[in-house]
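Working notes, structure below.
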Amino acid sequence: MNRKYQPNEFEKKWVENWEKNKTYKSNESNKTNKSYILAMFPYPSGAGLHVGHVRNYTGTDVVARYYRMNGRAVLHPMGWDAFGLPAENAAVKAKKNPMDMVPEHIATFKKQMKSLGFSYDWDREFTTTDPAYYKWTQWLFIQFYKMGLLYKKNTPINYCPVCKTGLAEEEVLADGTHERCGNKITKKDLPQWIFKITKYADRLLEDLKGLDWPEGILAMQRNWIGKKQGINIDYKVKGSKEIITCFTTRPDTNFGATFIVLAPEHEFVKKIQKEDVKKYVKEAASKSEIERLAEGKKKTGVFTGFYAINNLNGKEMPVWVSDFVLASFGTGAVVGVPGHDIRDFEFAKEFGIDIIRVVVGSDGDKSPITRIEQVQEKEGIMINSEFLNGLDIHQATKKIMDWFEEKKLGKRITSYHLRDWIFSRQRYWGEPIPMIYCKKCQWQPVAEGELPLKLPYIKSYEPTSTGESPLATVKDWVNTECPNCHGPAKRETDTMPNWAGSCWYFIRFAQIQKSNTKDQKDNSSIENWKLQIENSGNWLPVDWYLGGAEHAVLHLLYSRFWVKALYDLKLLDFKEPFLKLRNQGMILAEDHRKMSKSFGNVINPDDVVSEYGADALRIYEMFMAPFNTEIPWSTKALQGSYRFVKRIWELYQKQDRNSNIKDQKEDTKLVSKLFKTIKKITSDIPQVKFNTSIAAMMEFLNYWEKNPNGLEKENAKKFLQVLAPFAPFLTEELWDSFFGEKNSIHLSTWPKVGDEIIEEEIIIPVQVNGKFRDTIKSQKSKVKSQKEIEKLAFKSEKVKKFITGKVKKTVYIPGKIINFII
RNA sequence: GCCGCGGUGGUGGAAUGGCAUACACGCAGGACUUAAAAUCCUGUGAACGAAUAGUUCGUGAGCGUUCGAGUCGCUCCCGCGGCACCA
């Protein structure tokens with residue numbers, strides 16, 4: 001009768017049982033009643049599952065279980081993101097081939113995930129390194145190439161000298177280091193496959209409006225896309241046929257323009273034969289971007305000897321060269337307005353260039369600008385600007401843009417911070433790029449029938465310093481024939497970045513259905529793609545996506561881009577991959593540092609499971625803090641969650657399981673409290689408020705323990721049901737062994753509770769002059785009238801002593817509060 | 001500098017504009033025990049106070065709106081994250 005709580009005794013049994021019965025198999029869906037609930041799939045590292053993974057996957061699992069019990073068709077799959085630098089670097093370190101190592105890591109991850117009771121439909125599992133998967137990744141690459149979204153170009157790119165590969169802008173952190181390995185990035189000229197993501201900049205920005213994503217992530221994507229409205233203004237150069245075009249967002253200040261600055265890489269600069277200019281350009285080129293930044297903001301520069309003419313007033317503006325102007329932004333040429341731009345001011349001061357005030361700000365200061373504090377970058381009214389005088393800067397901007405465009409001296413331009421996506425990696429462990437180079441026919445895609453283009457198993461896969469991937473040395477792989485003219489040709493030897501596989505994996509989960517893969521042709525072709533989408537059961541797009549915020553401008557941006565391109569190819573009928581996104585916060589170590597092997601502060605979930613059971617770990621991680629909050633681990637607090645789980649177990653053991661419902665007298669207050677708890681959990685889970693769900697259950701348990709037999713059987717079962725998403729093992733065991741239920745609790749129907757049953761005492765605070773003085777009890781269903789409340793309030797000593805004068809006004813909100821103003 | 005998020009007990013945190021500090025951890029006292037662990041019970045924002053009487057103060061600071069503000073508005077301060085010689 002009195003079984004002790006020993007989770008290890010039954011957790012394993014249920015893992016096997018759920019697997020055998022395919023309890024979590026995705027059922028048929030239809031568009032109106034489906035929930036595709038997805039956690040960002042992991043890179044299976046050798047370290048095994050981290051407690052941070054457990055937090056993310058438990059939260060996602062709670063949501064999936066909740067919707068499943070609420071009668072929705074749920075797709076909740078899991079797979080492995082195994083290509084890329086981390087896997088390869090780990091393999092190099094372990095002196096193993098990644099192709100051998102990855103399956104071992106996956107086996108560990110999978111075993112750990114199962115022990116934690118995540119309700120995945122394992123029939124849909126796959127790995128991005130499976131040729132059966134990446135043949136489609138390659139096929140998609142070819143479709144994008146054919147639609148003109150990819151081009152190959154020799155260009156200076158960010159290069160990690162330690163990882164020996166080129167990188168995308170998004171992979172370089174603000175401090176100039178590589179986001180994977182933390183080493184400093186350099187620049188290197190390499191021929192690259194480049195994705196025209198900038199073509200989609202506007203749509204990537206616009207469509208953010210319809211997404212239910214955290215504000216911070218939306219802001220980061222908006223910033224990263226960095227859309228700016230401005231104008232390109234053409235300036236004639238005195239004594240030359242050259243025209244210098246400058247991009248500016250502040251043409252309103254153009255009457256204050258006193259100089260022009262060109263980037264050292266600017267085309268016009270290359271034509272200048274002046275010795276000091278050549279010297280300056282050479283020096284600038286030898287400095288890396290990081291060195292330039294390290295020099296601080298002190299302005300350097302050299303005068304070209306040329307003057308440009310300001311179209312507005314004929315003023316001659318000296319043309320300078322300076323490395324503070326970036327060739328990669330705008331036109332690589334800037335018109336200097338030192339009165340109204342801090343950098344321009346610094347430059348003008350440094351080289352004794354004129355400063356003209358053209359805007360008066362809210363401080364009313366009209367005096368000449370001589371100090372940096374006077375530089376007026378903000379709102380204001382135009383002066384010294386002829387036909388703009390008296391306008392505010394926004395009106396002036398519009399007016400002068402119109403003026404420039406009418407005179408054909410300028411053109412409105414939208415600029416973006418977003419750069420095209422560098423897609424080549426000079427590494428072994430990635431999808432081979434399915435392109436062939438023929439001297440006669442140039443670049444040709446691999447024939448669809450040839451896919452997958454398999455990554456050869458090779459011994460020395462370590463990165464090289466030649467600027468080529470190790471595949472370049474595999475001669476019989478490289479040398480091939482041209483798909484077009486059948487002459488001799490060479491394969492592309494660079495591979496795709498680790499983001500490629502994760503760009504569309506959520507689509508694959510929906511496509512794969514074990515039952516039909518055998519009959520269904522899986523060869524990469526448009527027909528098969530469309531067939532698989534048709535047969536995919538309307539799961540797409542993803543309804544709930546949960547994962548870390550670190551992917552804000554990487555995976556999340558790239559996936560959105562691919563989906564939009566696929567929509568344009570009519571290969572998908574939706575434009576956004578992830579409708580709702582939620583981030584989980586990081587779990588720090590107990591010492592408030594990051595968990596790291598080198599600090600020796602890592603918590604292994606396996607150890608926690610074997611000591612406290614999976615349910616206690618799940619409950620703890622959901623209870624420790626709001627889901628998106630960064631929080632240090634606490635073993636003490638974990639023990640508190642363990643006590644909670646154990647007390648539930650023991651409470652059910654105490655109950656008299658043979659008692660008949662009719663014999664038992666229910667404690668109506670307890671039932672009312674239970675229903676209130678159920679209501680709270682029902683509304684909390686979809687809001688990702690797992691911590692307060694558990695607090696509510698704890699509160700209820702504290703109360704229930706005073707009268708263990710106070711609930712009849714059906715109600716005692718309801719408590720288990722709302723606990724089930726959080727503690728799947730314990731609830732299933734009690735459901736089965738205590739209540740003798742034949743079907744899984746996880747497929748049972750979520751308890752419904754109406755308002756009418758919740759009868760409870762409510763407390764009405766009494767305030768005098770807004771200060772709380774006493775309380776009056778009332779019934780929720782029969783709230784007392786103002787007169788009754790007033791009568792009771794005036795009887796209270798606590799209230800009476802503060803009513804020192806006449807009551808001027810009484811504020812009574814029925815059922816809420818009464819406030820006497822004296 | 002710009003963008004986003006936050007600041008509540010010793011700690012993690014709770015609170016549709018209406019009893020601030022739920023729930024948990026920790027701590028203190030007690031029960032059980034030869035003892036410890038485990039478990040259970042009680043207490044636990046601060047100040048004054050013998051008090052589990054009572055009063056005052058109290059959600060980063062200051063104003064404001066309101067009968068009433070942790071919550072709404074304004075001005076700051078601090079912390080975290082992202083971006084940045086971006087014209």
Side-chain angles (χ1 to χ4, degrees), chain A residues 173-174 214-224 226 228 230-231 246-251 253 261 263 289 292-293 295-300 322-326 328-337 340-344 346-347 377 415-417 549-550 552-553 583 585-586 619-620 623-626 628-641 643-644 646-647 650 683 689 691-702 705 762-776 797-798 801 808-813 815-822:
Chain A
L173 300 181
E215 186 48 42
I217 303 284
L218 292 173
M220 277 161 82
Q221 289 220 352
R222 280 194 295 263
N223 277 342
W224 190 259
K228 276 191 183 138
I231 187 167
C246 295
F247 174 74
T248 178
T249 55
R250 292 294 305 278
T253 61
V261 193
E289 210 159 307
R292 279 197 204 178
L293 286 175
E295 285 175 1
K297 299 198 172 172
K298 188 167 160 44
K299 298 288 178 289
T300 60
S322 174
D323 63 6
F324 88 81
V325 175
L326 307 174
S328 58
F329 186 80
T331 57
V334 172
V335 52
V337 184
H340 305 284
D341 182 289
I342 297 274
R343 281 159 310 148
D344 292 353
E346 287 166 348
F347 193 81
E377 291 185 319
S415 88
Y416 298 90
H417 171 262
E550 67 274 15
V553 292
N583 298 127
M586 211 196 320
I619 294 271
Y620 168 58
F623 180 62
M624 65 200 309
N628 60 3
T629 305
E630 181 175 285
I631 174 108
W633 180 267
S634 161
T635 299
K636 286 283 185 188
L638 162 72
Q639 285 162 351
S641 295
R643 276 196 288 274
F644 169 61
K646 197 175 144 199
R647 276 162 55 205
E650 282 163 1
S683 81
K689 288 164 78 173
N691 56 329
T692 50
S693 290
I694 292 168
M697 287 189 274
M698 287 173 167
E699 215 175 329
F700 175 73
L701 179 68
N702 289 342
E705 277 175 330
I762 54 167
I763 291 166
I764 296 169
V766 181
Q767 293 182 344
V768 178
N769 280 346
K771 284 202 172 178
F772 165 75
R773 294 302 172 191
D774 201 2
T775 57
I776 287 168
E797 285 301 321
K798 288 179 189 173
K801 65 198 263 197
K808 269 196 258 172
K809 189 179 167 189
T810 306
V811 178
Y812 176 61
I813 313 292
K816 289 278 181 193
I817 201 154
I818 187 155
N819 190 5
F820 299 108
I821 316 303
I822 55 166

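Every heavy atom of this structure was used, including side-chain atoms; hydrogens, water molecules and symmetry mates were not. In what follows, every chain begins at residue 1, and chains take the letters A, B, ... in the order their sequences are listed.
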Looking at every strand, decide which applies to [X] at a 4.0 Å heavy-atom threshold: base, sugar-phosphate, or nothing.
| X | answer |
| --- | --- |
| A/Lys808 | nothing |
| A/Ile763 | base |
| A/Thr810 | nothing |
| A/Ile813 | base |
| A/Ala695 | base |
| A/Phe820 | nothing |
| A/Pro626 | sugar-phosphate |

Using the [atom1] atom as the reference point in each nucleotide, state the distance between [N] and [M] in Å, no decimals.
| N | M | atom1 | value |
| --- | --- | --- | --- |
| B/rA22 | B/rG12 | C1' | 13 Å |
| B/rA53 | B/rC5 | P | 44 Å |
| B/rU59 | B/rA15 | C1' | 11 Å |
| B/rA28 | B/rU21 | P | 25 Å |
| B/rG82 | B/rU66 | C1' | 37 Å |
| B/rA38 | B/rC27 | P | 10 Å |
| B/rG10 | B/rG45 | C1' | 10 Å |
| B/rC78 | B/rU8 | C1' | 15 Å |

Under 3.5 Å donor-acceptor pair, A/Gln767 side-chain atoms to B/rG18 base atoms: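 When only heavy-atom distances are counted, A/Gln767 does reach the base of B/rG18 through a donor-acceptor pair under 3.5 Å.
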Got a second to check how far [X]'s [atom1] is from [Y]'s [atom2], nearest 0.5 Å?
| X | Y | atom1 | atom2 | value |
| --- | --- | --- | --- | --- |
| A/Gln639 | A/Arg643 | CD | CZ | 6.5 Å |
| A/Glu630 | A/Asn583 | CD | CG | 12.5 Å |
| A/Asn702 | A/Arg647 | CG | CZ | 5.0 Å |
| A/Ile231 | A/Thr249 | CD1 | OG1 | 11.5 Å |
| A/Asp341 | A/Arg250 | CG | CZ | 9.0 Å |
| A/Glu550 | A/Ile217 | CD | CD1 | 8.5 Å |

Minimum heavy-atom distance between [X] and [Y], given as atom pair plus value:
| X | Y | value |
| --- | --- | --- |
| A/Gly230 | A/Phe247 | CA-CE1, 3.7 Å |
| A/Glu377 | A/Ile342 | OE2-N, 2.9 Å |
| A/Gln221 | A/Ala552 | NE2-O, 2.8 Å |
| A/Phe324 | A/Arg343 | CE1-CB, 4.2 Å |
| A/Phe623 | A/Ile694 | CD1-CG2, 3.7 Å |

Would you please confirm or rule out a distance under 4.0 Å between OP1 or OP2 of [N] and any side-chain N or O of [X]?
| X | N | value |
| --- | --- | --- |
| A/Lys798 | B/rA53 | no |
| A/Lys771 | B/rA20 | no |
| A/His417 | B/rC83 | no |
| A/Arg643 | B/rU39 | yes |
| A/Asn819 | B/rU66 | no |
| A/Lys228 | B/rC86 | no |
| A/Arg343 | B/rG1 | no |

Integer-rounded Å distance: [N] [atom2] and [X] [atom1]:
| X | N | atom1 | atom2 | value |
| --- | --- | --- | --- | --- |
| A/Phe772 | B/rC19 | CZ | P | 9 Å |
| A/Leu638 | B/rG12 | CG | C1' | 14 Å |
| A/Trp224 | B/rA84 | CH2 | P | 6 Å |
| A/Ile217 | B/rC83 | CD1 | C1' | 14 Å |
| A/Glu630 | B/rG82 | CD | P | 11 Å |
| A/Met698 | B/rC23 | CE | C1' | 7 Å |
| A/Gln639 | B/rA37 | CD | P | 13 Å |
| A/Glu550 | B/rG82 | CD | C1' | 13 Å |

Involving RNA chain B, stems made of at least three consecutive Watson-Crick or G-U pairs, both distances under 3.5 Å: B:1-7 with B:77-83, B:10-12 with B:23-25, B:26-31 with B:39-44, B:45-48 with B:54-57, B:60-64 with B:72-76
Out of [options], whichever nucleotide has its closest atom nearest the side chain of [X]:
| X | options | answer |
| --- | --- | --- |
| A/Lys646 | B/rA87, B/rC5, B/rU39 | B/rU39 |
| A/Asp323 | B/rC85, B/rG12, B/rU56 | B/rC85 |
| A/Arg773 | B/rC23, B/rG82, B/rU56 | B/rU56 |
| A/Asn691 | B/rU39, B/rG13, B/rA87 | B/rG13 |

Could you write out each protein N or O paired with an N or O of nucleotides 41-46 of chain B at a distance under 3.5 Å?
none

Upstream residue (5' side of RNA chain B) when A/Thr248 and A/Asn702 are each assigned their closest nucleotide: A/Asn702
Along RNA chain B (nearest heavy atom to each residue), the more 5'-positioned of A/Ser415 and A/Ile694: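 Final value for this comparison: A/Ile694.
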Check ion pair A/Arg222-A/Glu215 (N to O, under 4.0 angstrom):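 A salt bridge is present here (some side-chain N lies under 4.0 Å from a carboxylate O).
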Exam field: side chain A/Thr775 to backbone A/Ile764, donor-acceptor pair closer than 3.5 Å: no
In B/rG73, glycosidic geometry as syn within 90° of 0 or anti otherwise: anti
